[in-house]
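This report refers to the structure that appears directly beneath it.
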Amino acid sequence: RKEVEQDPGPFNVPEGATVAFNCTYSNSASQSFFWYRQDCRKEPKLLMSVYSSGNEDGRFTAQLNRASQYISLLIRDSKLSDSATYLCVVNGGGSYIPTFGRGTSLIVHP
Amino acid sequence: NAGVMQNPRHLVRRRGQEARLRCSPMKGHSHVYWYRQLPEEGLKFMVYLQKENIIDESGMPKERFSAEFPKEGPSILRIQQVVRGDSAAYFCASSPPMTGGYEQYFGPGTRLTVT
């Protein structure tokens with residue numbers, strides 16, 4: 001089982017739709033969780049941290065389920081500019097090295 | 001506050017030449033990570049450095065690749081005797097000391113093409 005798994009997609013949704021991605025992780029001792037966004041041929045950019053209590057930033061909501069070992073990202077009212085690859089990142093559990101998922105591709109169309 | 005800087009942005013090398021990639025972390029950041037990304041693939045960790053120390057190089061090939069982060073100046077990723085398979089985007093990320101590397105800020109990357 002891979003350490004961090006994501007559905008590669010692509011998720012193809014119309015503008016205004018709500019879309020959700022999940023990411024599962026295998027190390028139960030993991031401590032920190034993040035979502036990054038990567039546009040084509042660009043560097044990853046930190047989108048948001050994922051806290052145990054969940055967190056929301058505008059149209060984006062991230063949640064953590066430790067019991068089932070997954071994190072989720074919900075995007076409401078999708079915009080064309082949300083089209084990108086979303087990377088799940090898991091940290092800790094005895095390692096300094098963050099583990100990146102391979103990403104989920106989102107395409108928002110008019 | 002300038003972000004993470006990498007140079008060159010694009011580098012073309014012939015097989016057998018050396019490639020040197022530079023990374024200047026954000027001001028105040030003392031942790032540097034290097035990653036490689038092949039087309040249509042995810043980020044692969046290569047090496048984690050702090051000033052003058054290699055903390056973890058478990059993701060770096062044993063031969064031809066080396067990295068350093070001197071007391072002064074940028075971090076350098078060096079690839080000797082490049083081969084076609086080294087063609088990829090190489091990203092550097094930095095993080096501040098207090099977070100222990102948990103939140104990372106990426107540079108724009110160096111795209112290496114080996115001909």
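Note on naming: letters A, B, ... go to the chains in the order of the sequence lines (proteins, then strands), and numbering restarts at 1 for each one.
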- Part of residues 31-50 of chain A lying next to chain B, heavy-atom separation under 4.5 Å: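 At a heavy-atom separation under 4.5 Å, chain B is reached by A:Q31, A:S32, A:F34, A:Y36, A:Q38, A:R41, A:K42, A:E43, A:P44, A:L46, A:S49.
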- Evaluate the side-chain proximity of A:F100 to B:Q104: yes if any heavy-atom separation is below 4.5 Å, no if none is.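 They are in contact (side-chain heavy atoms under 4.5 Å apart), so the answer is yes.
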- Query: Are the side chains of A:I97 and B:Y33 in touch, meaning some heavy atoms are under 4.5 Å apart?
  - Reply: yes
Going only through I, L, V, M, F, W and Y residues with side-chain contacts under 4.5 Å, is there a path from [X] to [Y]?
X      : Y     : answer
B:Y105 : B:L43 : yes
A:V4   : A:F21 : yes
B:F106 : B:L21 : no
A:I107 : A:L80 : no
A:L74  : A:V19 : no

- Sort and list the pairs that fulfil disulfide bond (SG atoms under 2.5 Å apart) and have at least one residue in residues 44-78 of chain A, not counting sequence neighbours. none
- Task: Return the set of residues passing side-chain hydrogen bond (donor to acceptor under 3.5 Å, both in side chains) with A:R59 (not counting sequence neighbours), or none when no residue passes.
- Result: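 So A:R59 forms a side-chain hydrogen bond (donor to acceptor under 3.5 Å, both in side chains) with A:D82.
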- Message: Applying a heavy-atom distance below 4.5 Å, give me the residues of residues 50-84 of chain B that approach chain A, sorted by number.
- Response: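 Heavy-atom contacts from residues 50-84 of chain B to chain A are B:I55, B:D56.
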- Task: Answer yes or no: does atom CZ of A:R66 have more than 12 heavy-atom neighbours from other residues, nucleotides or ligands under 6.0 Å?
- Result: yes
- Query: Counting only heavy atoms not in B:Q37, do more than 12 fall under 6.0 Å of its CD?
  - Reply: yes
- Item | Contact origin within B:Q6 toward chain A - heavy atom pairs under 4.5 Å |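 Nothing of B:Q6, per the 4.5 Å heavy-atom cut-off to chain A.
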